[in-house]
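This report concerns only the one structure given below.
Being a predicted model, the structure only gives us computed values, none of them experimental.
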Amino acid sequence: MNDNDSLALSTPRSSLGGLPQRLVQDGVVNESGMHAALHAAAEKKTSFVTQLIAGGAVKSRDIAITAAAEYGVPLFDLDALSIDLEAVRMVSDKLLAKHRVLPLFKRGKRLFLGVADPTNLHAIDEIKFQTSLAVEAIVVEDDKLQRKLDKAIEQFDTQMPSLGDDEAVDLESLEVSGGDGDELGGEVTRDDVEDAPIVRFVNKVLLDAIRRGASDVHFEPYEKMFRVRLRMDGVLKEVAQPPVQLTGKIAARLKVMARLDIAERRVPQDGRIKMRLSKTRAIDFRVSSCPTLYGEKIVLRILDPSQAMLGIEALGYEPFQKDLYLKHLAKPQGMILVTGPTGSGKTVSLYTGLNILNREDLNISTAEDPAEINLPGVNQVNVNNKVGLTFASALRAFLRQDPDIVMVGEVRDLETAEIAIKAAQTGHLVLSTLHTNDAPQTLTRLVDMGVKPYAIATSVSLIIAQRLARRLCSQCKVLLEVPAEALRKEGFQESDIATGIKIYGPKGCGSCTDGYKGRVGLYQVMEVSEEIGRIIMTGGNALDITKQSTKEGVWDLRRSGLEKVRTGMTSLEEINSVTIE
């Protein structure tokens with residue numbers, strides 16, 4: 001090695017420039033950390049500022065101060081500013097998400113743009129081109145920028161359009177069987193269907209339901225009254241009583257929106273409505289009409305695709321339950337069954353699992369009645385019994401198309417159960433639902449349907465029974481004094497009572513409903529072990545399976561509920577209403 005080589009090695013050479021170089025020179029971050037952040041940003045296609053903060057190498061405020069000083073750009077505290085939705089609307093959602101910038105306000109022909117990295121000239125040029133305005137950058141802290149950006153997009157998506165303008169909401173109807181909505185008869189005319197006050201009323205009810213987080217909307221006709229109720233956090237609340245004379249008009253409007261046959265009022269019908277709230281958010285309603293003594297009762301189930309993207313952490317599984325679910329999702333074959341009554345969150349649990357599995361290298365097919373949540377990358381089929389497209393026939397078709405994962409909306413009969421079990425035995429992962437009270441009863445229910453016990457023992461690998469309980473409002477929940485003896489009767493462990501349990505109850509405030517806000521899942525996650533399989537094959541009943549599962553450490557729904565009470569997530573009163581003592 002000559003002297004020149006030694007000199008080259010001893011002299012550090014930096015390829016940094018601009019803001020990265022200034023941050024290193026000012027001692028905000030060391031050079032190796034900066035290179036690592038730049039490399040990670042290039043790989044993940046994000047800003048190096050984001051990578052520096054995510055890695056904990058530097059505080060966002062230090063970067064903002066340095067950037068403002070380096071480029072002579074003003075520094076602004078986002079906490080002191082309210083979001084200007086008019087300014088946000090000027091830039092497309094795609095550009096905001098792509099460049100992580102936030103329009104702050106407009107003055108004349110100038111748009112002031114909050115940025116964490118003022119060197120991102122490409123973002124400024126694109127926004128100049130789209131808005132035809134002069135764009136001036138203002139440096140803001142990266143973490144505050146992300147929070148404000150998320151909040152701005154959320155407010156933009158959920159803002160209520162003006163109900164005075166019938167075109168404010170774009171109602172797109174999906175094609176369904178049962179009529180094209182053009183046949184009019186009886187007492188309802190086309191003028192009734194398109195009556196502006198009726199249109200505005202129906203739109204307002206649907207938008208209110210979305211805004212208030214309802215899961216269902218009930219339009220219910222009676223002899224002397226007509227009421228509208230919303231199911232919020234599992235509880236029905238009356239929100240309106242339109243004149244009873246409008247029963248037929250409101251039903252006709254809803255049926256036209258869902259592409260149902262409004263001339264047919266003697267038999268139940270099913271349809272679908274798609275309501276587009278913004279360019280990036282659409283809500284589907286599953287519509288069911290049923291003839292009653294005094295008109296048609298129509299129920300709309302609100303299907304929000306964002307619910308399936310919450311992630312498994314948000315569903316309420318205990319850590320060991322979540323690990324067990326993920327373990328069986330990772331297996332190449334077997335059957336996972338999710339059980340519980342209607343409205344217990346089975347669909348969200350299944351779709352959360354499918355979302356985890358939804359990868360380019362896997363072929364996933366689902367048969368549903370109907371498909372409730374649209375999941376890109378998954379081949380979804382709507383069951384249609386009228387034309388012979390049943391769960392069983394759809395499942396047979398899937399198996400001819402080289403599937404890796406199959407989801408069957410519900411195991412309703414022996415034929416579907418047998419095909420699903422054969423698929424699970426021949427190298428496919430099968431997910432489905434069943435209506436039973438708990439996990440042990442699911443196995444005996446399959447036997448009652450006529451499935452061979454040995455087939456159940458060798459194919460079913462995991463059963464998840466679930467319920468939904470209302471969450472206590474974090475702002476107004478109150479601490480209760482509950483005697484130790486009462487806690488024992490409820491089923492709490494002696495160790496918990498000895499250490500002191502804080503039991504909370506509902507109070508009620510302006511930001512919740514009767515002291516509750518949102519819901520959380522209660523789960524019984526039971527792995528079908530060798531011993532449980534042996535009990536099934538020897539003709540054991542649900543009690544035998546329950547005893548064995550308890551020995552193996554499986555929590556029943558009651559135990560899961562008490563754990564949610566112990567952590568202050570819900571109330572004892574609520575758990576008593578959804579689980580058996």
Side-chain angles (χ1 to χ4, degrees), residues 328 331-342 344 346-347 349-350 353 365-371 381-401 403 405-466 524-549 552 554 556-557:
H328 284 272
K331 289 188 174 183
Q333 65 186 56
M335 179 182 278
I336 298 174
L337 290 172
V338 181
T339 77
T342 302
S344 61
K346 299 188 298 295
T347 300
S349 282
L350 280 179
S365 297
T366 74
E368 302 163 78
D369 185 20
V381 173
N382 270 335
V383 168
N384 187 347
N385 291 317
K386 291 181 181 177
V387 298
L389 181 55
T390 62
F391 282 120
S393 60
L395 200 46
R396 287 194 189 95
F398 293 162
L399 296 176
R400 291 193 291 269
Q401 296 197 340
I405 297 155
V406 172
M407 195 268 269
V408 184
E410 184 183 346
V411 176
R412 292 179 180 173
D413 52 51
L414 177 59
E415 184 183 17
T416 306
E418 286 182 334
I419 299 170
I421 281 173
K422 285 175 183 174
Q425 290 174 325
T426 54
H428 306 93
L429 180 63
V430 180
L431 289 78
S432 190
T433 70
L434 207 62
H435 286 95
T436 57
N437 287 328
D438 61 16
Q441 288 184 37
T442 303
L443 296 171
T444 55
R445 169 82 178 111
L446 289 171
V447 174
D448 291 342
M449 289 173 68
V451 182
K452 298 292 188 293
Y454 70 85
I456 299 170
T458 56
S459 61
V460 180
S461 55
L462 187 73
I463 302 172
I464 302 172
Q466 67 180 77
Q524 179 184 28
V525 183
M526 186 182 84
E527 190 173 28
V528 180
S529 62
E530 288 185 13
E531 189 56 40
I532 289 175
R534 194 173 293 111
I535 292 170
I536 299 165
M537 289 190 286
T538 55
N541 57 33
L543 288 175
D544 299 327
I545 297 170
T546 300
K547 288 177 184 177
Q548 180 59 32
S549 67
E552 294 176 6
V554 176
D556 60 14
L557 291 167

Within a strict 4.5 Å, meaning less than it, do heavy atoms of the [X] and [Y] side chains meet?
{"X": "K422", "Y": "I419", "value": "no"}
{"X": "D544", "Y": "T538", "value": "no"}
{"X": "Q524", "Y": "P440", "value": "yes"}
{"X": "S432", "Y": "M335", "value": "no"}
{"X": "V525", "Y": "V554", "value": "no"}
{"X": "I463", "Y": "T436", "value": "no"}
{"X": "D556", "Y": "D438", "value": "no"}
{"X": "V460", "Y": "T442", "value": "no"}

Original post:
Does the side-chain hydrogen bond (donor to acceptor under 3.5 Å, both in side chains) test come out yes or no for E552 and S529, once each step is laid out?
Top reply: CA-CA 9 Å; E552 294 176 6; S529 62; 2.7 Å; yes
Original post:
Quick check: are there more than 12 heavy atoms from other residues, nucleotides or ligands sitting under 6.0 Å from NZ of K331?
Top reply: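 Correct, the count exceeds 12.
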**OP:** Go through N437 and Q441 one step at a time and tell me if the side chain to side chain contact (heavy atoms under 4.5 Å, CB included) criterion holds.
**Re:** CA-CA 7 Å; N437 287 328; Q441 288 184 37; 3.8 Å; yes
**OP:** Walk me through it: do V338 and Q466 pass the test side chain to side chain contact (heavy atoms under 4.5 Å, CB included)?
**Re:** CA-CA 8 Å; V338 181; Q466 67 180 77; 3.3 Å; yes
**OP:** Could you pull out the closest heavy-atom pair between A424 and Q333, with the gap in Å?
**Re:**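 Taking A424 first and Q333 second, the nearest heavy atoms are O-CB, 3.7 Å.
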Subject >> Criterion side chain to side chain contact (heavy atoms under 4.5 Å, CB included) on E410 and H435, from CA distance to verdict >> reply: CA-CA 8 Å; E410 184 183 346; H435 286 95; 3.0 Å; yes
**OP:** Apply the test side chain to side chain contact (heavy atoms under 4.5 Å, CB included) to residues T390 and R412: give CA-CA distance (whole Å), side-chain angles for both, the deciding distance (0.1 Å), then the verdict.
**Re:** CA-CA 10 Å; T390 62; R412 292 179 180 173; over 6 Å; no
